[in-house]
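Read through the structure below, which is laid out as structure tokens, and then see the notes.
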Amino acid sequence: AVRRLTRVTMPVIGRMPISVLYPTGSKQETNTPKFAKEWAAADLLAGDFLYMRKYAPENLAGKTVVTNTTTADDVEFLRGRGVQWLITTTPRLDGRSFGTNAFEAALTAAAGKGRPLTDTEIDDLIDELELRPAVERLNP
């Protein structure tokens, strides 16, 4: 069923402007809370941060957020909404976390092999450099 749906929808979705599918520009900064019941029911919120910022309700007290690519302002946004824990998939460097794809590209470039790294090679570099997800308590 998923393959059939993909075959039918991808030709249309693939031609849509990215701004229809993903918040871009100033739309990344606006917050229009939606789906309040679903947000309230969840203890763990996981997903892309720009979507969270766009649709998060005012009250996220006691929630744990697992996401990617956050800045210091994003952390303050979550702290202000009462988020208890923030876990990012990559370490925080100079006040921000970066996307997993950016880390993979950096590791691949640093390895200097002139080819994509295998999963094992990436895992070995992550271990060697002691790269770990960031876990931060934002509110007691």
Side-chain angles (χ1 to χ4, degrees):
V2 171
R3 285 189 180 120
R4 278 191 301 253
L5 180 63
T6 301
R7 269 188 254 124
V8 171
T9 60
M10 282 311 294
V12 175
I13 293 171
R15 287 178 176 79
M16 291 176 143
I18 190 68
S19 61
V20 173
L21 304 171
Y22 194 76
T24 58
S26 62
K27 290 180 184 175
Q28 293 177 350
E29 303 299 320
T30 60
N31 176 247
T32 309
K34 289 186 177 181
F35 315 110
K37 185 172 66 173
E38 288 79 6
W39 288 89
D43 293 324
L44 177 69
L45 306 169
D48 183 85
F49 184 76
L50 291 179
Y51 278 111
M52 288 186 188
R53 181 179 199 93
K54 184 164 181 67
Y55 298 117
E58 291 292 323
N59 182 5
L60 296 174
K63 308 287 185 191
T64 296
V65 170
V66 179
T67 190
N68 60 337
T69 318
T70 56
T71 66
D73 288 343
D74 299 333
V75 173
E76 289 310 308
F77 172 86
L78 294 170
R79 182 177 280 119
R81 304 241 165 170
V83 168
Q84 186 171 17
W85 291 96
L86 171 61
I87 303 167
T88 57
T89 55
T90 56
R92 188 164 297 287
L93 303 172
D94 292 329
R96 68 168 295 142
S97 62
F98 294 87
T100 305
N101 57 341
F103 263 93
E104 182 175 349
L107 292 172
T108 300
K113 295 186 181 225
R115 60 168 174 76
L117 300 179
T118 66
D119 290 346
T120 301
E121 289 171 324
I122 290 172
D123 289 344
D124 290 346
L125 279 172
I126 288 169
D127 290 342
E128 178 183 330
L129 297 171
E130 298 182 6
L131 298 175
R132 301 290 177 258
V135 178
E136 302 171 72
R137 187 175 187 122
L138 302 184
N139 288 293

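Along the sequence shown, residues carry numbers from 1. Here the structure is a predicted model, which is why all the values come from computation and not from measurement.
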**Prompt:** How far does CG of Leu131 sit from CG of Leu93, to the nearest 0.5 angstrom?
**Reply:** 8.0 Å
For residues 54-61, run the donor-acceptor check on the side chains, cut-off 3.5 Å, and write out each pair with its distance to 0.1 Å, sequence neighbours left out.
unit_1 : atom_1 : unit_2 : atom_2 : d
Glu58  : OE2    : Arg81  : NH2    : 3.4
Asn59  : OD1    : Ala61  : N      : 2.8

**Message:** Whether the side chain of Ser97 engages the backbone of Thr70 through a donor-acceptor N/O pair (distance < 3.5 Å, no angle test) should be reported.
**Reply:** yes
**Message:** Taking atom CG as the centre, does Asp119 end up with more than 12 heavy-atom neighbours from other residues, nucleotides or ligands that are less than 6.0 angstrom away?
**Reply:** no
**Prompt:** To the nearest 0.5 Å, what is the distance between OG1 (Thr100) and CD1 (Ile122)?
**Reply:** 10.5 Å
**Request:** Find the distance between CZ (Arg53) and CG (Asp73) and round it off to the nearest 0.5 Å.
**Result:** 7.0 Å
**Request:** Keeping the roles fixed (side chain from Thr108, backbone from Pro116), state whether a donor-acceptor pair exists under 3.5 Å.
**Result:** no
**Sequence-distant partners of Arg115, side-chain hydrogen bond (donor to acceptor under 3.5 Å, both in side chains), two or more places apart** = Glu121
**Prompt:** How long is the span from the CE atom in Met52 to the CG atom in Asn68, to the nearest 0.5 Å?
**Reply:** 8.5 Å
**Request:** Tell me, yes or no, whether the heavy-atom count around Phe35 atom CZ, taken from other residues, nucleotides or ligands under 6.0 Å, exceeds 12.
**Result:** no
**Request:** Would you give the length of the straight line joining atom OG1 of Thr64 to atom CG of Leu86, rounded to the nearest 0.5 angstrom?
**Result:** 9.5 Å
Counting only pairs under 3.5 Å, give me each side-chain donor-acceptor contact of residues 132-140, with atom names and distances, residues two or more places apart or in other chains.
unit_1 : atom_1 : unit_2 : atom_2 : d
Glu136 : OE2    : Arg92  : NE     : 2.8
Glu136 : OE2    : Arg92  : NH2    : 3.1
Arg137 : NE     : Asn139 : O      : 3.4
Asn139 : ND2    : Arg79  : O      : 3.0
Asn139 : ND2    : Val83  : O      : 2.8

**Message:** Between Trp39 and Lys34 (side chain of the first, backbone of the second, donor and acceptor by atom type, cut-off under 3.5 Å), is there such a pair?
**Reply:** yes
**Request:** Kindly compute the distance separating CG (Leu129) from CG (Asp124), expressed to the nearest 0.5 Å.
**Result:** 10.5 Å
**Prompt:** Nearest heavy-atom pair of Pro11 and Val8: which atoms, and what distance?
**Reply:** CD-O, 3.6 Å
**Prompt:** Donor-acceptor pair, Lys63 side chain versus Ala42 backbone, under 3.5 Å?
**Reply:** yes
**Request:** Using the side chain to side chain donor-acceptor pair (under 3.5 Å) rule, collect all pairs that involve residues 1-18, keeping only residues at least two apart or in two chains.
**Result:** none
**Prompt:** Which heavy-atom pair separates Phe49 from Thr69 by the least distance, and what is that distance?
**Reply:** CB-O, 4.3 Å
**Item:** Phe103-Leu117 co-clustered via ILVMFWY side chain contacts under 4.5 Å
**Value:** yes
**Check: Asp74/Thr71 side-chain N/O donor and acceptor closer than 3.5 Å** = yes
**Item:** Pairs where residues 40-50 contributes a residue and the test salt bridge (charged side-chain N to carboxylate O under 4.0 Å, His left out) is met, not counting sequence neighbours
**Value:** none
**Message:** Are Leu5 and Val12 linked, directly or through intermediate hydrophobic residues, by side-chain heavy-atom contacts shorter than 4.5 Å (ILVMFWY only)?
**Reply:** no
**Asked** Are Leu125 and Phe98 joined in one hydrophobic group, where the rule is that I, L, V, M, F, W and Y side chains link up if heavy atoms are under 4.5 Å apart?
**Response** yes
**Message:** According to salt bridge (charged side-chain N to carboxylate O under 4.0 Å, His left out), does anything in residues 96-111 pair up with another residue at least two apart or in another chain? List the pairs.
**Reply:** none
